[in-house]
Number of protein chains: 2
Amino acid sequence: MLSFTEEINQHKNSNSIELSSLMKKIKRQTFAKNTILQNAGDEKISLFYVKRGLLRSYTIDDKGKEHIFMFAPEGWLIADGSINSGATELFIDALENTEVEVIDQKDFLELFLPFTALNDSKRAEVMMRRMAVMQKRIIMLISASAIERYEHFTKTYPGISQRVPQKMIASYLGITPEALSKVKGTKARGK
Amino acid sequence: MLSFTEEINQHKNSNSIELSSLMKKIKRQTFAKNTILQNAGDEKISLFYVKRGLLRSYTIDDKGKEHIFMFAPEGWLIADGSINSGATELFIDALENTEVEVIDQKDFLELFLPFTALNDSKRAEVMMRRMAVMQKRIIMLISASAIERYEHFTKTYPGISQRVPQKMIASYLGITPEALSKVKGTKARGK
DNA sequence: TAGATTTCTTAACCTATATTAATGCGAGTG
DNA sequence: CACTCGCATTAATATAGGTTAAGAAATCTA
């Protein structure tokens with residue numbers, strides 16, 4: 001996927017006033033490892049495009065347990081999809097020193113999307129691809145065993161298993177770190 | 001949500017030639033209970049708007065087991081979100097005698113979306129709402145117990161638990177019918 | 001580098017859910 | 001109405017994964 005600024009630069013045809021005012025809405029920021037970019041309950045929803053590094057989004061349940069919703073390595077877009085009560089439900093933080101482009105959800109919807117050529121069927125396609133990924137994950141979660149989930153993860157995020165702690169992968173899969181460790185061990189030994 | 005035709009009728013401002021050619025793309029059909037509307041592997045992806053009745057979408061795994069992805073009662077839109085290899089991955093069938101409006105995905109993307117006023121930020125909002133629902137379900141699946149999942153289901157589909165067999169609800173939740181029966185029983189007795 | 005801290009692994013034990021099977025109920029069909 | 005057949009329930013048993021705990025390995029930090 002292209003970053004926000006790259007996407008905009010593809011459409012220089014438009015007048016430069018509109019273009020530069022949109023460009024001002026996009027901030028480039030760097031965050032140190034372990035920095036929190038968004039807290040659940042924040043009223044401003046932002047979209048982050050990862051240029052370098054690694055982010056994750058997650059919830060914390062009543063018992064204080066984290067549940068990772070997604071990871072976002074280079075080239076990924078990450079944001080809280082929830083729009084209830086206008087506030088966010090997910091935390092987003094940096095698992096590595098990370099460089100991002102940021103845009104407000106409001107600006108994204110009102111300025112960015114209408115500006116780019118994506119405001120035709122291509123834009124719907126991008127979102128449908130995203131929904132396809134979620135559909136696959138839901139089906140996996142209702143049907144697959146721990147080891148099958150792990151294998152699904154490695155396909156979805158190639159090369160990421162070396163960059164994040166296993167306990168976070170377990171959290172993403174909806175199992176405990178101990179269960180993941182066990183299941184990986186027995187699988188390796190079984191070969 | 002509005003049906004396809006209702007959506008179109010909101011935009012009579014456009015010229016009537018374009019409007020009537022679009023209208024021709026939308027078919028109204030009725031399907032008897034237990035009829036299959038779409039098989040996994042079908043090359044034509046259709047979108048179904050349910051005017052009356054009840055549909056569901058589901059996969060069948062290697063062991064022949066069904067996994068229900070979603071239900072679609074009156075007012076819901078149902079379609080296979082997967083776009084891999086241009087073919088569908090889900091089955092869609094009728095749980096009741098059902099009346100729908102149907103449109104091809106291709107026509108939906110190329111004609112319907114550009115036609116309606118939804119081709120601005122509103123359209124993105126509709127899809128974001130959909131993604132928010134999926135986000136909630138994923139978080140529920142990685143974090144909630146059987147009974148919590150059931151309660152989440154009754155909130156998502158109020159009034160539907162009386163219209164579908166329990167074993168299908170169990171399938172939607174990713175648990176066995178026996179487990180759902182037990183868990184409901186102990187909960188009722190526990191009160 | 002040493003020490004502290006976090007993460008991973010292993011193991012013993014526990015619990016929720018799966019599996020299998022038997023029974024009874026209810027809806028659909030002749 | 002009688003006969004299926006699919007569905008729900010219950011129970012006995014099995015198992016995957018959870019919990020707890022402790023030590024080993026890796027990573028961070030001074």
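All chains are named by letter (A, B, ...) in the order of the sequence lines, taking the proteins before the strands, and each is independently numbered beginning at 1.
Counting only distance, with no hydrogens or angles, the side chain of R163(A) and the backbone of G53(A) share a donor-acceptor pair below 3.5 Å. Side-chain atoms of S181(A) never come within 3.5 Å of backbone atoms of A179(A) as a donor-acceptor pair (strictly under, hydrogens ignored). Formation of a donor-acceptor pair under 3.5 Å by the S171(B) side chain with backbone atoms of K167(B) is not found in this model.
L95(A) has its CG atom 16 Å from the P atom of dT6(C), to the nearest Å. Computed from coordinates, the N34(A) CG to dT27(D) P distance equals 15 Å when rounded to whole Å. A straight line from CD of Q162(A) to P of dA26(D) spans 15 Å, rounded to a whole angstrom. Distance, I175(B) CD1 to dT9(D) P: 12 Å, rounded to whole Å. Here the P atom of nucleotide dG17(D) and the NZ atom of K187(A) are 14 Å apart, to the nearest Å. Straight-line distance from the NZ atom of K65(B) to the P atom of dT17(C): 14 Å, rounded to whole Å. In this structure, L141(A) places its CG atom 13 Å from P of dG17(D), rounding to the nearest Å.
Below 30°, between 30° and 60°, or above 60°: for Y157(B) and F153(B) the angle between ring planes is between 30° and 60°, a tilted geometry.
Of all the residues in residues 142-157 of chain B, not one reaches under 4.0 Å from DNA chain D with any non-hydrogen atom.
Of all heavy-atom pairs spanning T59(A) and E89(A), the tightest one is CG2-O, 3.5 Å. Heavy-atom minimum distance, A79(B) versus S46(B): CB-O, 3.7 Å.
The ring of Y172(B) has its center no closer than 6.0 angstrom to the ring center of Y58(B).
Side-chain polar atoms of S145(A) and E148(A) form a donor-acceptor pair below 3.5 angstrom.
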Pick out the pairs of N or O atoms, protein on one side and nucleotides 8-12 of chain C on the other, that lie under 3.5 Å.
| from | atom 1 | to | atom 2 | distance (Å) |
| --- | --- | --- | --- | --- |
| dC8(C) | OP1 | Q166(A) | N | 2.5 |
| dC8(C) | OP2 | Q166(A) | N | 3.3 |
| dC8(C) | OP2 | K167(A) | N | 3.1 |
| dT9(C) | OP2 | S181(A) | OG | 3.2 |
| dT9(C) | O5' | S181(A) | OG | 3.3 |

